[in-house]
K.L.:
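Starting off with a structure, shown below.
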Amino acid sequence: DQQVKQNSPSLSVQEGRISILNCDYTNSMFDYFLWYKKYPAEGPTFLISISSIKDKNEDGRFTVFLNKSAKHLSLHIVPSQPGDSAVYFCAAAGGTSYGKLTFGQGTILTVHP
Amino acid sequence: EAEVAQSPRYKITEKSQAVAFWCDPISGHATLYWYRQILGQGPELLVQFQDESVVDDSQLPKDRFSAERLKGVDSTLKIQPAELGDSAMYLCASSLYAGAYNEQFFGPGTRLTVL
């Protein structure tokens, strides 16, 4: 069963516009959520996270929103830049003491100049 | 800047052969993770070490996969025998301590192709 889902395999936006990447989860035990970015031939790198006690976390151009009742989170990138073109993974953790991350399938973001 | 090292970067093997992957985590990181990423999917945790001890191997196919971290530093993941369905990217990550609040740093991965 896919506990973390990213239903959009790809997203294309124009430079300077907003990119919105979405993620849904089903496990109510998840209480910490993360976004990772992955460039080709590199491992994923941590981007931003949010705890379930918050509904928003901001870091520069990146903002993550969490809607616990809908079991939905989103990553907003404003303004989008061509260097943001990468695969973005949503991940969730909770319910265990060891911090196991459960990842979504990823969304390929392409930002056009 | 400290990085997680993995080798080899690419491995092509025939089914029924044995393969091994190596990972050197960031110095001082007590927790080490092996993930498998199948094309089009997100990484899936195979095994997690705290120092030299396995704390989670629930998704590791133990009939053919084995992992060790003998001195609590570097680690080896082995597949014997390899099957066609094992073709994937194998990612190693490390963090200072266990727990989701501790950032996991990923290596570049080993791309395995089983023919």
Side-chain angles (χ1 to χ4, degrees), chain A residues 1-10 21-25 27 29-54 57 59 64 66 73 86-108, chain B residues 1-10 21 23-26 29-51 53-60 88-111:
Chain A
D1 63 333
Q2 192 78 26
Q3 298 187 66
V4 178
K5 294 182 182 180
Q6 295 176 254
N7 292 315
S8 298
S10 63
L21 297 96
N22 294 302
C23 178
D24 297 296
Y25 62 96
N27 190 336
M29 297 297 290
F30 289 148
D31 59 6
Y32 192 65
F33 304 89
L34 309 89
W35 286 93
Y36 278 81
K37 178 169 72 173
K38 185 181 184 304
Y39 292 119
E42 295 182 13
T45 55
F46 170 76
L47 190 58
I48 192 170
S49 63
I50 187 167
S51 167
S52 60
I53 62 173
K54 294 184 174 182
N57 189 28
D59 184 2
V64 57
L66 176 62
L73 64 155
V87 180
Y88 288 78
F89 291 100
C90 168
T96 71
S97 60
Y98 298 117
K100 173 183 176 178
L101 296 183
T102 301
F103 284 84
Q105 311 96 305
T107 296
I108 302 170
Chain B
E1 182 175 306
E3 295 180 340
V4 176
Q6 289 188 249
S7 67
R9 294 292 306 274
Y10 304 91
F21 314 129
C23 172
D24 191 14
I26 293 173
H29 280 193
T31 310
L32 185 146
Y33 314 79
W34 282 102
Y35 289 87
R36 176 173 60 185
Q37 185 185 1
I38 296 170
L39 190 64
Q41 300 182 20
E44 176 192 30
L45 181 70
L46 291 176
V47 61
Q48 179 178 344
F49 289 92
Q50 183 63 31
D51 298 311
S53 301
V54 173
V55 296
D56 188 343
D57 64 355
S58 57
Q59 300 303 310
L60 188 72
M89 176 73 81
Y90 290 83
L91 293 161
C92 179
S94 70
S95 62
L96 266 176
Y97 305 107
Y101 296 94
N102 294 284
E103 181 180 345
Q104 293 185 27
F105 296 84
F106 283 82
T110 296
R111 169 74 66 188

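Order of the sequence lines sets the chain letters (A, B, ...), proteins ahead of strands, with each chain counted from 1. As the structure is a prediction and not an experimental result, all values here were calculated from the model.
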K.L.:
With ring centroids as reference points, do B:Phe106 and A:Tyr36 lie under 6.0 angstrom apart?
P.N.:
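Yes.
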
K.L.:
Determine whether B:Leu45 and A:Phe103 make a side-chain contact, defined as any pair of heavy atoms from C-beta on separated by less than 4.5 Å.
P.N.:
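No, their side chains stay 4.5 Å or more apart.
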
K.L.:
B:Ser58 versus A:Lys100: any side-chain heavy-atom pair under 4.5 Å?
P.N.:
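A side-chain contact exists here, since the closest heavy-atom pair is under 4.5 Å.
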
K.L.:
Shorter than 4.5 Å, heavy atoms on both sides: which option in A:Cys90, A:Ala41, A:Ser49 has the most such pairs with chain B?
P.N.:
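Maximum pair count with chain B is reached by A:Ala41.
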
K.L.:
What residues, two or more places apart in sequence or in another chain, satisfy side-chain hydrogen bond (donor to acceptor under 3.5 Å, both in side chains) together with A:Lys38?
P.N.:
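With neighbours one apart ignored, the set is empty.
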
K.L.:
Could you look at B:Tyr35 and say if it's the side chain, the backbone, both or neither that has a heavy atom under 4.5 Å from chain A?
P.N.:
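Contact with chain A is through the side chain of B:Tyr35 alone.
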
K.L.:
Considering only heavy atoms from C-beta outward, does the side chain of B:Gln37 approach that of A:Phe89 to under 4.5 Å?
P.N.:
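They are in contact (side-chain heavy atoms under 4.5 Å apart), so the answer is yes.
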
K.L.:
From B:Glu103 CD over to A:Thr45 OG1, what is the distance, rounded to the nearest 0.5 angstrom?
P.N.:
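The CD atom of B:Glu103 sits 8.5 Å away from the OG1 atom of A:Thr45.
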
K.L.:
Could you tell me which portion of A:Thr102 (side chain, backbone, both or neither) has an atom closer than 4.5 angstrom to a non-hydrogen atom of chain B?
P.N.:
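It is neither, since no heavy atom gets under 4.5 Å.
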
K.L.:
By salt bridge (charged side-chain N to carboxylate O under 4.0 Å, His left out), which residues pair with B:Arg111, not counting sequence neighbours?
P.N.:
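Scan of B:Arg111 (salt bridge (charged side-chain N to carboxylate O under 4.0 Å, His left out), adjacent residues dropped) gives none.
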
K.L.:
Is it the backbone or the side chain of B:Glu3 that comes under 4.5 Å from a heavy atom of chain A, or both, or neither?
P.N.:
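No part of B:Glu3 comes within 4.5 Å of chain A.
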
K.L.:
Are there over 12 heavy-atom neighbours, none belonging to B:Tyr97, within less than 6.0 Å of that residue's OH?
P.N.:
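No - once you tally the heavy atoms of other residues, nucleotides and ligands closer than 6.0 Å, there are 12 at most.
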
K.L.:
Side chain from CB out, backbone as N, CA, C, O: work out which of these in A:Ile108 comes under 4.5 Å of a heavy atom of chain B, or both, or neither.
P.N.:
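Neither part.
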
K.L.:
Measuring from atom CG of A:Leu101 to atom CD of B:Glu44, what distance do you get when rounded to the nearest 0.5 angstrom?
P.N.:
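Output value for this atom pair is 13.0 Å.
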
K.L.:
Do B:Leu91 and A:Pro44 touch side chain to side chain, with heavy atoms closer than 4.5 Å?
P.N.:
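The answer is yes, as the side chains (C-beta and beyond) meet within the 4.5 Å cut-off.
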
